[in-house]
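Comments concern the structure below.
When reading the values below, keep in mind they use all heavy atoms of this one structure, side chains included, and skip hydrogens, waters and symmetry mates. Here is how names work: the chains are called A, B, and so on, in the same order as the sequence lines, proteins then strands, and each is numbered from 1.
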Protein chains: 2
Amino acid sequence: METTTPPRPGLREMKKRRTHDELLRAAVHLFTSQGYERTTVDEIAEAVDVSQRTFFRYFAGKEEAALALEGITVGRFVEGVRARPAHEAPMEALRQAVLEGWSSLSEAIESIASVEQYLRMYRVIESTPVLLAAHLRRSAETEEAIARVLAEREGLDMDADPRPRLAVAVFGAVMRVTERQWITGEDYSLEGMRELTSRYLDQVGPALLGGWRTGT
Amino acid sequence: METTTPPRPGLREMKKRRTHDELLRAAVHLFTSQGYERTTVDEIAEAVDVSQRTFFRYFAGKEEAALALEGITVGRFVEGVRARPAHEAPMEALRQAVLEGWSSLSEAIESIASVEQYLRMYRVIESTPVLLAAHLRRSAETEEAIARVLAEREGLDMDADPRPRLAVAVFGAVMRVTERQWITGEDYSLEGMRELTSRYLDQVGPALLGGWRTGT
DNA sequence: GAGGCTAATGACAGCCACTGACAGTTGACA
DNA sequence: TGTCAACTGTCAGTGGCTGTCATTAGCCTC
């Protein structure tokens, strides 16, 4: 009984995971180096030596492969919100979960890509209309999931009270503005992203109050 | 000089407009009656007795035809914001422009469809993933345009001050939540939409403050 | 460790959205 | 009325995506 494998991954599972990761890596590499539109599914499949049909068995479509990396971090974010202490106010819980997410981004995706590749893929998404569209739709789904988490935390009925959805929608809106700013700017460091996120969240109140001309 | 036509529409222009409108009408009719995915471009073209190629000369794609009706009202909304008196605070200007938009919806689309068809088309968009994605992307573009209008009104530099984008993003978020609620609910009247819009906008402040458990 | 079961894959055919190229038709305008 | 340019139809082709079916290859049992 030396070096046992308790949960028994199984050779089949291993291979499947390997194929999936290789396809994803190849897709990210091709998308970031030559663009999303100029990359065909056949190309990705060929890079991993599988048939095009197999690609579609691992990913629902080309889009899904392009958004899979981001999907990993989004999933972690949702879990992060769920794990926040119950005494935190909703917006504060969201804020902390996002900041933690940025901090642990590197470990979350290391089996697939580097942080730099993640950022480059993000740029591709933001600059490719069809990908941006899909990204926004998925963000909407994520917001719905998080609204459920908040409603549960606060013991509210989401169908009767719009505040959970409103708070999450506002938060999501700020995140989108932040992401855009972050891509447009020069600072690609995770610390820079954390700082920008905090700053913009603090500006929501002032932005809603009007009287912009007298402020800053 | 009896019954002159000053700007001279021209027979060609007339025919073009006619083809465009007929294609749009046919598309809306087919999408709302049998669904977006189950409608092919050939079907739409055939309903108007033009070739598939011609359809693509009038619409960049199937999606554009599905979103064109909504696009008319969105364009009017942007103009509405631009036309609001300069003394209004940003959020107030947005609110008034939207409410006015609902009120004049009927006249805006009458050459193409009825209000009921507009609502049904909206449901199709909301329930078809690819259309919802495209819709959200276009909304993002609209928000950018409106942020520019607000920044100009207030004499701000959008690249230095995030408040115009933040305010518009928050407003857009509320609108999306409202639209969803409105589609889920039973009340399809324009008056009901106006009322819901007002109510949700009033809730943004409370939603951000937390302490949900003590309030209503 | 041979054979059966089943999941994973490849190969093939086909649908549909969309595009480029070219030729035919029809308003516009001198 | 004839010329020009815009509009359209036809055809061929690309690429994303799906259904089907035969083949391969882990897995499990006896």
Take the protein atom [atom1] of [X] and the nucleotide atom [atom2] of [N], then report the distance between them rounded to whole Å.
X       : N      : atom1 : atom2 : answer
A:His20 : C:dA7  : NE2   : C1'   : 17 Å
A:Arg17 : C:dA7  : CZ    : P     : 22 Å
A:Arg18 : D:dA25 : CZ    : P     : 15 Å
B:Lys16 : C:dT25 : NZ    : P     : 21 Å
A:Glu43 : D:dG15 : CD    : P     : 9 Å
B:Glu37 : D:dT18 : CD    : C1'   : 13 Å
B:Glu46 : C:dC16 : CD    : C1'   : 15 Å
A:Met14 : C:dA7  : CE    : C1'   : 17 Å

**Prompt:** After noting the C-alpha distance and the side-chain angles of A:Phe171 and A:Leu201, does the key distance pass the side chain to side chain contact (heavy atoms under 4.5 Å, CB included) rule?
**Reply:** CA-CA 8 Å; A:Phe171 185 84; A:Leu201 281 173; 3.8 Å; yes
Closer than 4.0 Å, any side-chain N/O of [X] to the OP1 or OP2 of [N]?
X       : N      : answer
A:Thr54 : C:dG10 : yes
B:Tyr58 : D:dC7  : no
B:Lys15 : C:dG27 : yes

**Asked** Between A:Arg57 and A:Asp42, who's closer to the 5' end of DNA chain D by nearest nucleotide?
**Response** A:Asp42
Salt-bridged, [X] to [Y], with N to O below 4.0 Å?
X        : Y        : value
A:Glu143 : A:Arg176 : yes
A:Arg38  : A:Glu43  : no
A:Glu141 : A:Arg137 : yes

As a test of reading the structure: which of [options] is closest to the side chain of [X], going by heavy atoms?
X       : options                : result
A:Arg53 : D:dG9, C:dT6, C:dG10   : C:dG10
A:Phe56 : C:dG10, D:dT18, C:dC18 : D:dT18
A:Thr40 : C:dG10, D:dG15, D:dC17 : D:dG15
B:Lys62 : C:dG27, C:dA17, D:dC17 : C:dA17
B:Gln52 : D:dT8, C:dC18, C:dT6   : C:dC18
A:Arg12 : C:dT26, D:dA25, C:dA21 : D:dA25

**Message:** Contact between B:Tyr58 and B:Lys16 at the side-chain level, heavy atoms closer than 4.5 Å - yes or no?
**Reply:** yes
